[in-house]
Amino acid sequence: MYDEIIKLSFQNCLSKLNINEDVDIFFEFPKNPNHGDLSTNIAMQLAGKLKKQPRQIAQEIINTIEYDSNFIEKFEIAGAGFINIKLKPEFYAHSLNKIYSFGDMYGKSEKGKGSKVNVEYVSVNPTGLLHLGHGRNACIGDTIANLYEWMGYDVTREYYFNNAGNQMNNLAKSIYARYRQQLDNPDFPFPEDGYHGDYIKEIAAELIEKHRDKLITDDEDNLTIIRKFGEVWCFGKIKQTLERMSIHQEVYYNEDSLYADGKIKDVIDYFKSNELAYEKDGALWLALSKMGLDDDRVIVKSSGEPTYRLPDIAYHREKFLRGFDILIDIFGSDHIATVPDVLAGVKALGFNPEKVKVYIHQFVTLTENGEQIKMSKRTGKNYTLDDLLDEVGPDVVRFFLLMRGISTHLEFDLGLAREQSEKNPVFYLQYAHARLCSIFDIAEQKGINLNKDIDFNLLQHEAEIKLIKQLMNLPASIETACNKGEPQILADYLRELAAAFHVFYHECRILDAGANLCNARLALAKVTQIAMKNGLLILGISAPKRM
RNA sequence: GCGCCGGUAGCUCAGUAGGAUAGAGCAUCAGCCUUCUAAGCUGAGGGUCACAGGUUCGAAUCCUGUCCGGCGUACCA
């Protein structure tokens, strides 16, 4: 938003010079004060296309450009062809005034208005408890959903699950074995590929409490009861854990319904009738080689059961049919293999695969004192997301899982997370917010009220200008984080915002600055408070009034 | 073997639609509280951007190759 007026000047200037290349005019606040207040590399961008020297283009631009002299003091060419812009203080006053007028909604955009987005995340089958990797998936998905909402999109948060098939049978058998071990036979054999986690023992104990020995014969009826019991138990725990992190998904989509409603059959029929599927060795193969991929894959096994690819494709088709314009999938890196197949399938069904955005995050490792904490499945001593929430609380968990780029392996430092001190980065942000709240509390006690007649031109201190610049960046930060699917960009922005505020707080007295300056600084504090609160809200982290 | 992700300060990580002197947090060292919250602020030291070539005015960023780590590579999901 800070560059709207200036960008327009540049656009007009370029068309005046008959330069019609398709380039985005991009401005930044240079770190080095010698490089002006705003800077653009547009002349260098154009140099290659126009086959001219960047400095020459820059010169032509500043000779030709018409600009608002109320805001811009001068242009300078520097380095290889940067155009550095020296702004007048009025520019910041004007910008801050505009931000102030947005009130609580600062950061909200309408750019996505009218567009429906489906964000699918977590999507863990009800066979166990959530662990750290799921937590990362959940926080990324939830935050991306928040980002899209703030961009004005109509967002649906969705959880896709499967409560049928092999894995659920495996769960039932695992519970049954523990049930027998606890009930009558400590040596009852445990299935080789069963679920080893301790939670299975808990389920079995509850099963005994409820059914006593009535399920002792392992017939199909009893296994069905056990399976359902396990499913309900696991789902209850999963939802409870998500609830603790303030994650609410409005749609729980059951894979099974794709079969019941004939959607799977529809897709098979479509592929068959378009000669994209064929029978071989008793199985049905999808001709991915006709869709630009290397190998054909089985979509219905010779046993008659579909492989995961088929329902995944049908599910994406269904989401398109439900009217979504953008489909977002959040996957862990272990699901990378499904992506090309699903996208090819979606394309073959006549939908635009570019509307499917797949964000794949890497794994999480838990460390303490530099040593990795093993989460061995063999021993069953999984460190669960709930354990972590118990230990450090939801704000720390969310921030730690969001503060890294999604494609980086994330090291969760338990020691640092546990630290209830200035070392813990999440408190840095929350502390800024608490300080802001405290200022307004004390102002109220002193009978100082923010009045509407604000002279933003009084804000000329270096710390004030830096804070205003940072505040101006919020919308761009949200938009970039959204477009790139990178919550980390917002987390990083908020850290910089907090830093700019803390410096301002340290350098500039607010309440005893004299009536007019006090009022202007209070307004600046107000905007900062809103920006910080909204940013934390998007990350799903609380904004405490006191610490 | 092949595919994807990563390798940047002691540690954890930003920066990769090519741009100005490669940044932040933590750790280390030196300062700042009778003042709106010191969970804060100021300063210092710390780099072969894994390695080797290439592309050009300019490369951490793009291309090629190599090495190291993670995840995949099923008629498992």
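Chain letters run A, B, ... following the sequence lines, proteins first, then strands; residues in each count from 1.
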[X] has an atom [atom1]; how far is it from atom [atom2] of [N], in whole Å?
X       : N      : atom1 : atom2 : value
D294(A) : G1(B)  : CG    : P     : 18 Å
R435(A) : C36(B) : CZ    : C1'   : 9 Å
R404(A) : C13(B) : CZ    : P     : 6 Å
M547(A) : A38(B) : CE    : P     : 13 Å
F412(A) : G70(B) : CZ    : C1'   : 20 Å
F399(A) : A24(B) : CZ    : C1'   : 12 Å
N424(A) : U12(B) : CG    : P     : 18 Å
D329(A) : C4(B)  : CG    : C1'   : 16 Å

Take atom [atom1] in [N] and the same atom in [M], then report the distance between them in whole Å.
N      : M      : atom1 : value
A9(B)  : G23(B) : C1'   : 10 Å
A20(B) : G25(B) : C1'   : 25 Å
A17(B) : U61(B) : P     : 12 Å
C67(B) : A74(B) : C1'   : 30 Å
A60(B) : A50(B) : C1'   : 12 Å
G18(B) : A24(B) : C1'   : 23 Å
G40(B) : A27(B) : P     : 10 Å
A22(B) : U8(B)  : C1'   : 8 Å

Quiz item: Does NZ or CZ of R435(A) fall inside the cone over Y505(A)'s six-membered ring, less than 6.0 Å from its centre and within 45° of the axis?
Solution: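 Satisfied, under 6.0 Å and within 45°.
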Practice problem: Determine, for F440(A) and K526(A), whether the Lys NZ or Arg CZ falls below 6.0 Å from the six-membered ring centre while staying within 45 degrees of the axis. | Solution: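 Yes, a cation-pi geometry.
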Min side-chain heavy-atom separation [X]-[Y] under 4.5 Å:
X       : Y       : value
L286(A) : I313(A) : yes
L327(A) : V358(A) : no
I77(A)  : I62(A)  : yes

Self-check item: Sequence-distant partners of K173(A), side chain to side chain donor-acceptor pair (under 3.5 Å), two or more places apart
Solution: none
Exercise. Please list, chain by chain and in numerical order, all residues satisfying side chain to side chain donor-acceptor pair (under 3.5 Å) with N163(A), sequence neighbours excluded.
Key: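 Counting only residues at least two positions away or on another chain, N163(A) forms a side chain to side chain donor-acceptor pair (under 3.5 Å) with E231(A), N254(A).
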Exercise. List in numerical order all residues of residues 488-501 of chain A for which some heavy atom is under 4.0 Å away from an atom belonging to RNA chain B.
Key: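 The stretch gives Q488(A), D492(A), R495(A) as the residues lying under 4.0 Å from the strand, ordered by number.
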Quiz item: So which of residues 133-140 of chain A are in contact with RNA chain B, with a heavy-atom cut-off of under 4.0 Å?
Solution: none
Self-check item: With sequence neighbours excluded, residues passing ring pair (Phe, Tyr, Trp, His ring centres under 6.0 Å) with Y252(A)
Solution: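 Result, ring pair (Phe, Tyr, Trp, His ring centres under 6.0 Å) vs Y252(A): Y159(A), F235(A).
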Quiz item: Mind checking what makes ring pair (Phe, Tyr, Trp, His ring centres under 6.0 Å) contact with H35(A), not counting sequence neighbours?
Solution: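 None.
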Quiz item: Hey, is the main chain of L385(A) close enough, under 3.5 Å, to the side chain of H131(A) for a donor-acceptor pair?
Solution: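 Between the backbone of L385(A) and the side chain of H131(A) there is no qualifying donor-acceptor contact (under 3.5 Å).
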Quiz item: Is the backbone N or O of L539(A) less than 3.5 Å from a side-chain atom of R398(A), with the two atoms forming a donor-acceptor pair by type?
Solution: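 Between the backbone of L539(A) and the side chain of R398(A) there is a qualifying donor-acceptor contact (under 3.5 Å).
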Looking only at side-chain N and O atoms, does [Y] offer a donor or acceptor that is under 3.5 Å from a partner on [X]?
X       : Y       : value
E158(A) : Y315(A) : yes
S289(A) : D296(A) : yes
Q167(A) : N162(A) : no
T367(A) : D413(A) : no
D329(A) : H335(A) : no

Exercise. Find the runs of at least 3 consecutive base pairs, i with j, i+1 with j-1 and so on, that include RNA chain B, using Watson-Crick or G-U wobble geometry with both distances under 3.5 Å.
Key: B:1-7 with B:67-73, B:10-13 with B:23-26, B:28-32 with B:40-44, B:50-54 with B:62-66
Report which part of the nucleic acid [X] touches: base, sugar-phosphate, or nothing (heavy-atom distance under 4.0 Å, all strands).
X       : value
T367(A) : nothing
C508(A) : base
I442(A) : sugar-phosphate
A434(A) : base
G165(A) : nothing
D295(A) : nothing

Provide a list of protein-nucleic acid N or O atom pairs under 3.5 angstrom, restricted to nucleotides 72-77 of chain B.
| residue | atom | partner | partner atom | Å |
| --- | --- | --- | --- | --- |
| A74(B) | O5' | R297(A) | NH1 | 3.2 |
| C75(B) | O2 | S302(A) | N | 2.8 |
| C75(B) | O2 | S302(A) | OG | 2.8 |
| C75(B) | N3 | S302(A) | OG | 3.4 |
| C75(B) | N4 | D281(A) | O | 3.2 |
| C76(B) | OP2 | K301(A) | NZ | 2.4 |
| A77(B) | OP2 | Y308(A) | N | 3.1 |
| A77(B) | O4' | Q167(A) | NE2 | 3.1 |
| A77(B) | N6 | Y308(A) | OH | 3.1 |

With 3.5 Å as the limit, what N/O pairs link the protein to nucleotides 42-44 of chain B?
none

Quiz item: Hey, does the side chain of K423(A) come within less than 4.0 Å of A27(B)'s phosphate (OP1/OP2), counting only N and O?
Solution: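 True: K423(A) side-chain N/O within range (under 4.0 Å) of A27(B) OP1/OP2.
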Exercise. Counting heavy atoms from C-beta on, name the nucleotide in U16(B), C36(B), G40(B) closest to the side chain of K484(A).
Key: U16(B)
All N/O pairs under 3.5 Å across the protein-nucleotides 5-7 of chain B interface:
| residue | atom | partner | partner atom | Å |
| --- | --- | --- | --- | --- |
| C5(B) | O2' | S407(A) | O | 2.4 |

Would you compute the distance between atom [atom1] of [X] and atom [atom2] of [Y] and round it to the nearest 0.5 angstrom?
X       : Y       : atom1 : atom2 : value
E464(A) : R521(A) : CD    : CZ    : 4.5 Å
C234(A) : M168(A) : SG    : CE    : 7.0 Å
Q249(A) : S123(A) : CD    : OG    : 7.0 Å

Practice problem: Taking side-chain contact (heavy atoms from CB on, under 4.5 Å) as the test, write out the residues that go with E279(A), two or more places apart. | Solution: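 Testing E279(A) for side-chain contact (heavy atoms from CB on, under 4.5 Å), a comparison that skips the adjacent residues, returns K272(A), L284(A).
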Quiz prompt | Sequence neighbours excluded - salt bridge (charged side-chain N to carboxylate O under 4.0 Å, His left out) pairs with any residue from residues 282-294 of chain A | solution = none
Exercise. Could you say whether Y428(A) or K446(A) is positioned toward the 5' end of RNA chain B, judged by the nucleotide with the nearest heavy atom to each?
Key: K446(A)
Practice problem: Identify whether the glycosidic angle of C33(B) places it syn (within 90° of 0) or anti. | Solution: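 Here C33(B) takes the syn form, which means its glycosidic angle is within 90° of 0.
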